[in-house]
Protein chains: 2
Amino acid sequence: MKKLRTRFKLWLSSKDAEGVFGDGKWRLLKNIDTEGSLKAASHSLRISYRKAWGDLKKAQQCLNVPLVEKQRGGIQGGRTALTEQGKKWVNAYTRFRSDIEKAVDKAYEKHIKELVK
Amino acid sequence: MKKLRTRFKLWLSSKDAEGVFGDGKWRLLKNIDTEGSLKAASHSLRISYRKAWGDLKKAQQCLNVPLVEKQRGGIQGGRTALTEQGKKWVNAYTRFRSDIEKAVDKAYEKHIKELVK
DNA sequence: TACCGATATGTCGAGTGGTGCATAACCAAA
DNA sequence: TTTGGTTATGCACCACTCGACATATCGGTA
């Protein structure tokens, strides 16, 4: 039997939209925070700017919360930064996801591991 | 703010295959157990027989474990039933998944809920 | 032995989500 | 006022997945 590892995807959905917020958008926001722009964030995540931009738009529309503050023009061409609410979401989701990750590892040890050896 | 619900997908992967075992294959095995055939199971899950058959093959190949015992011919044309090992996998994964589900709900209450109101 | 219904497996087309490209709009600084 | 780099947005294309078909095989039972 090959060695196995657990995988999971986590997200939030509303009644009318499925991917409101989840791992992808969480990573995107985190990278926007460290990189300072949407373009740089998408690049460091190796996803297209087109997708990153669409994801961000969707998250903000669905949550109806301003997660980032964007600026066009200027010496660097523009920038994107997290708002206070954006930071709160990142932090909350980080803790949320971390709890799940631990639970997955624990549950694997408890229920699956014995089957795999 | 709209009401949100948590969503997650869970699966196991090996070094050379991604979807070794997960929610979909777990549901398939459960239905095979109750329905008695791969055809009936795929029908009750509303997935094509083609997909169910492929999924099952993949799971058995990747895990290298005989999860089901199949029979062709006979008065009913054939049948598929879980082996002892298949049942063990179903039961273990059921508990595994249940633990995660609880953890997700709990973590949502703890970390996310306050952001959404 | 003919039949029936399930397993077994390849193939092609539709739908989906993402990438790449093209093109505006924007604006601080030179 | 020109420039440069970023945000903003539509669109065509591409890869991947899944479903729908089309067959072939199998083997108790009538």
Side-chain angles (χ1 to χ4, degrees), chain A residues 7 9-13 16-29 31-62 66-83 86, chain B residues 7 9 11 13 16-29 31-62 66-83 86:
Chain A
R7 296 282 210 187
K9 268 193 70 169
L10 202 52
W11 70 99
L12 304 171
S13 63
D16 37 50
E18 184 57 20
V20 168
F21 197 90
D23 290 0
K25 296 180 178 66
W26 166 66
R27 275 191 293 270
L28 180 58
L29 288 186
N31 274 266
I32 287 173
D33 198 34
T34 56
E35 300 286 337
S37 82
L38 184 52
K39 183 183 173 72
S42 66
H43 182 72
S44 80
L45 285 174
R46 280 155 210 184
I47 60 177
S48 63
Y49 174 86
R50 189 66 185 77
K51 172 168 169 55
W53 176 83
D55 284 355
L56 187 52
K57 185 179 182 184
K58 183 175 179 186
Q60 294 198 122
Q61 279 183 349
C62 293
L67 298 167
V68 300
E69 185 197 2
K70 301 176 189 180
Q71 222 172 66
R72 289 201 289 192
I75 178 63
Q76 271 115 11
R79 60 175 204 85
T80 299
L82 296 191
T83 61
Chain B
R7 297 281 208 186
K9 266 193 70 169
W11 70 99
S13 63
D16 37 50
E18 184 55 21
V20 167
F21 196 90
D23 289 2
K25 296 181 178 65
W26 166 66
R27 274 192 292 270
L28 180 59
L29 288 186
N31 274 267
I32 286 173
D33 198 34
T34 56
E35 300 288 337
S37 82
L38 185 51
K39 182 183 173 73
S42 65
H43 182 72
S44 80
L45 285 174
R46 280 153 211 187
I47 60 177
S48 65
Y49 175 85
R50 189 64 183 79
K51 173 168 167 55
W53 176 83
D55 284 356
L56 187 53
K57 185 179 182 185
K58 183 176 179 186
Q60 295 197 122
Q61 278 184 350
C62 293
L67 297 168
V68 300
E69 185 196 3
K70 301 174 188 181
Q71 221 171 67
R72 289 201 291 192
I75 176 65
Q76 271 115 9
R79 60 175 204 87
T80 300
L82 296 191
T83 61

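Proteins get letters first, then strands, A, B, ... in listed order; numbering begins at 1 in each.
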- Interatomic distance where CD1 belongs to A:Ile32 and C1' belongs to D:dT7 [whole Å]: 12 Å
- Message: D:dA8, OP1 or OP2 - any side-chain N/O from A:Lys70 closer than 4.0 Å?
- Response: yes
- Query: Within the structure, does a side-chain N or O atom of A:Lys51 lie under 4.0 Å from either OP1 or OP2 of C:dG18?
  - Reply: yes
- Between atom CZ in A:Arg79 and atom C1' in C:dA25, what is the gap in whole Å? 18 Å
- Query: Among C:dA6, D:dA8, C:dT9, which is the nearest nucleotide to the side chain of B:Tyr49?
  - Reply: C:dT9
- Would you check if the side chain of A:Lys25 reaches a backbone N or O of A:Gly19 as a donor-acceptor pair within less than 3.5 Å? yes
- Can you check whether A:Ile32 reaches A:Leu56 side chain to side chain, under 4.5 Å on heavy atoms? yes
- Note on the structure: Rounded to whole Å, the CG-C1' distance (A:Leu45 to C:dG18) equals 14 Å
- Query: With sugar-phosphate meaning primed atoms plus P, OP1 and OP2, does A:Gly74 contact a base, only sugar-phosphate, or nothing at under 4.0 Å between heavy atoms?
  - Reply: base
- Any donor and acceptor pair, going by atom type alone, linking the side chain of B:Thr83 with main-chain N or O of B:Pro66 inside 3.5 Å? yes
- Query: Under 4.0 Å: is that the gap between some side-chain N or O of A:Lys39 and OP1 or OP2 of D:dG5?
  - Reply: no
- Message: Considering every strand and a 4.0 Å limit on heavy-atom distances, what is the contact class for B:Gly78: base, sugar-phosphate, or nothing?
- Response: sugar-phosphate
- Message: With a 4.0 Å cutoff (strictly under), does any side-chain N or O of B:Ser37 reach OP1 or OP2 of C:dG5?
- Response: no
- First of B:Ile75 and A:Gly77 reached from the 5' end of DNA chain D, by closest nucleotide: A:Gly77
- Query: Which atom names give the shortest non-hydrogen contact between A:Gly86 and A:Leu29, and what distance separates them?
  - Reply: O-CD1, 4.5 Å
- Item | B:Glu69 side-chain N/O to B:Ala81 backbone N/O, donor-acceptor pair under 3.5 Å | no
- Note on the structure: Result for 5'-nearest mapping on DNA chain D, choosing between B:Arg46 and A:Leu38, is A:Leu38
- From the options C:dA6, D:dT7, C:dC21, select the nucleotide whose nearest atom is closest to the side chain of A:Arg50. C:dC21
- Query: In whole Å, what is the span from the CG atom of B:Leu28 to the P atom of C:dT7?
  - Reply: 11 Å
- Identify the heavy atoms of A:Ala59 and A:Leu67 that sit nearest to each other, and give their distance. CB-CD1, 3.9 Å
- Query: OP1 or OP2 of D:dT7 sitting under 4.0 Å from any side-chain N/O of A:Trp53?
  - Reply: no
- When the distance from CG of A:Leu56 to P of D:dT6 is rounded to whole Å, what number comes out? 16 Å
- Message: I need the NE2-P distance between A:His43 and D:dT6, as an integer number of Å.
- Response: 11 Å
- Item | Minimum-distance nucleotide (side-chain atoms of B:Lys57 versus D:dT9, C:dT9, C:dT19) | C:dT9
- Message: Measure CD/A:Glu18 against C1'/C:dG15 and give the value in whole Å, please.
- Response: 17 Å
- Atom CZ of A:Arg72 and atom P of C:dC27: how far apart are they, to the nearest Å? 7 Å
- Message: Please compare A:Ile47 and B:Gly36 by the position of their nearest nucleotide in DNA chain C and report the one closer to 5'.
- Response: B:Gly36
